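Note sheet for the following structure.
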There are 2 protein chains.
Amino acid sequence: MTPQRYAILQYLMESHDHPTADEIYRALSPQYPSLSVATVYNNLKVFIDAGLVREHTYGDDSSRFDADLSDHYHAICTKCGTMVDFEHPPIKDVEEAATASTGFSVFGHRMEVYGLCPTCKTMHA
Amino acid sequence: MTPQRYAILQYLMESHDHPTADEIYRALSPQYPSLSVATVYNNLKVFIDAGLVREHTYGDDSSRFDADLSDHYHAICTKCGTMVDFEHPPIKDVEEAATASTGFSVFGHRMEVYGLCPTCKTMHA
DNA sequence: CTTTTTGCAAATCCTTTGCATCTTT
DNA sequence: AAAGATGCAAAGGATTTGCAAAAAG
């Protein structure tokens, strides 16, 4: 556990805004001037493999990383890319429906809603 | 509506396996030897803007394109990337829950289940 | 000292773009 | 000629990788 590694994980745990790899890099650059983007990616992969962090992709945009492992879904702003958490009981019946009709061994699902965040909604008017 | 454009759209409508841009390119190359990948992407964008085709991304993999506009969800194989359709009533309550708790103007959602397709499931054993 | 991690640059993959060519009108 | 579509090759962005130097244990 190097200082860089610790800083990246801590940043992820403290920030609730699902940063991209580059945002993490830029946020930590001041404290760790020699930090490289590759190291950020390396460590993100380590965390993901360790099950500490989840990666989310939306369209062509950069992946966003989330250290909040609790069961929750995301609302994504299609204008600025912001991801906001929201609570909702896990949708279990879709997994059963999929298993029944596709023959897959289903072990998970992903659900997210799209819309305009309060800020972009206002600017949109 | 050029021959290339028509061929791409027709291929998408006839194939139910959600091909990637490259798969479309390779499938049509024999009939259109001069076809270029750029043209495939160009036309896919035209179709998407026209609302004839939908684009789906999963992780870092290539986008997959779907000309089936009916309401349906997808099961994705995490091993080989295959996407299979399945039917399920639209999940409307999550959009309401998200609107209520985030303040977003929600206009849609995305849901997909992950697992192993029958083929990969067998090989996995 | 042995292994892991870092940091840089180059490489890779997917997708887009610039531009000249070719249609089609 | 004007407008749009094509095809090539080069550019672009996000992520990964090779490898040498540095740090950790």
Side-chain angles (χ1 to χ4, degrees), chain A residues 1-12 15 17-50 52-67 76 78-83, chain B residues 1-12 17-50 52-67 76-83:
Chain A
M1 178 63 78
T2 63
Q4 291 92 332
R5 177 167 298 183
Y6 186 76
I8 293 168
L9 186 55
Q10 184 166 50
Y11 181 77
L12 266 173
S15 72
D17 55 349
H18 315 85
T20 63
D22 199 60
E23 282 166 4
I24 298 169
Y25 169 69
R26 287 205 304 274
L28 298 180
S29 274
Q31 282 84 12
Y32 300 85
S34 74
L35 181 67
S36 81
V37 196
T39 299
V40 175
Y41 279 107
N42 282 342
N43 283 309
L44 286 171
K45 173 165 277 187
V46 170
F47 299 147
I48 291 166
D49 290 347
L52 294 171
V53 167
R54 297 214 184 96
E55 179 176 5
H56 300 278
T57 55
Y58 160 58
D60 300 342
D61 296 348
S62 306
S63 291
R64 291 176 172 277
F65 299 88
D66 189 354
I76 298 173
T78 52
K79 200 169 176 188
C80 69
T82 298
M83 281 180 63
Chain B
M1 180 63 77
T2 63
Q4 292 90 334
R5 178 166 299 181
Y6 186 75
I8 293 167
L9 186 55
Q10 185 167 48
Y11 182 78
L12 266 172
D17 54 350
H18 314 84
T20 63
D22 199 59
E23 283 166 4
I24 298 170
Y25 169 69
R26 286 204 305 271
L28 299 179
S29 275
Q31 281 84 11
Y32 300 86
S34 73
L35 181 68
S36 80
V37 196
T39 299
V40 175
Y41 279 108
N42 283 340
N43 283 309
L44 286 171
K45 172 165 277 186
V46 170
F47 299 147
I48 291 167
D49 290 347
L52 294 171
V53 167
R54 296 214 184 94
E55 180 176 5
H56 299 278
T57 55
Y58 159 59
D60 299 342
D61 296 347
S62 306
S63 291
R64 290 175 174 276
F65 299 88
D66 189 354
I76 298 172
C77 178
T78 53
K79 199 170 178 191
C80 69
T82 298
M83 281 179 63

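Treat the numbers as computed from the prediction; the structure is a model and nothing was measured. Residue numbers start from 1 in every chain, and the chains themselves are labelled A, B, ... in the order their sequence lines are given, proteins ahead of strands.
The side-chain contact (heavy atoms from CB on, under 4.5 Å) check on Y6(B) picks up M1(B), Q10(B), with sequence neighbours excluded.
Atom CD1 of I48(B) and atom P of dT15(C) are 10 Å apart (whole Å). Taking atom CZ of R26(B) as the reference point, atom C1' of dC14(C) lies 13 Å away to the nearest angstrom. The CE atom of M1(B) sits 16 Å away from the C1' atom of dT23(C) (whole-angstrom rounding). Atom pair L44(B):CG and dC14(C):C1' shows a separation of 13 Å (rounding to whole Å applied). Separating the OH atom of Y58(B) from the P atom of dC14(C) is a distance of 15 Å, rounded to the nearest angstrom. Rounded to an integer number of Å, the gap from CG of D22(B) to C1' of dT16(C) is 15 Å. Look at CG on N42(B): it is 10 Å from C1' on dT15(C), rounded to the nearest Å. Here the P atom of nucleotide dT15(C) and the OH atom of Y25(B) are 15 Å apart, to the nearest Å.
Contact check for T39(A) versus Y25(A): no side-chain heavy atoms found under the 4.5 Å cut-off. Two residues are said to be in side-chain contact when any heavy atoms from C-beta on lie closer than 4.5 Å; L12(A) and L44(A) meet this criterion. Between I76(A) and H18(A), every side-chain heavy-atom pair lies at or beyond the 4.5 Å cut-off. A heavy-atom distance below 4.5 Å is not found between the side chains of V46(B) and V53(B). A heavy-atom distance below 4.5 Å is not found between the side chains of I24(A) and S15(A). For the pair I8(B) and V40(B), the minimum side-chain heavy-atom distance is below 4.5 Å.
Atom CG of D17(B) sits about 8.5 Å away from atom OG1 of T82(B), to the nearest 0.5 Å. Rounded to the nearest 0.5 angstrom, E55(B) CD and F47(B) CZ are separated by 13.5 Å.
Mapping N43(B) and A21(A) onto DNA chain D by nearest heavy atom places N43(B) closer to the 5' end of the strand. Both P3(B) and E55(B) lie near DNA chain C, and the one whose nearest nucleotide falls closer to the 5' end is E55(B). Taking the nucleotide of DNA chain C with the nearest heavy atom to each of D60(A) and V46(A), the more 5' of the two is matched to V46(A).
Heavy atoms of S63(A) sit under 4.0 angstrom from primed sugar atoms or phosphate atoms, though from no base atom.
Applying a 4.0 Å cut-off to non-hydrogen atoms, the residues of residues 31-40 of chain B that approach DNA chain D are S34(B), L35(B), S36(B), A38(B), T39(B), listed by residue number.
Boundaries of the chain A contact region on DNA chain D are dA14(D) to dT17(D), first to last in 5' to 3' order (nucleotide atom under 4.0 Å from a heavy atom).
Put simply, T2(A) has a side-chain N or O that comes within less than 4.0 Å of OP1 or OP2 on dT6(C).
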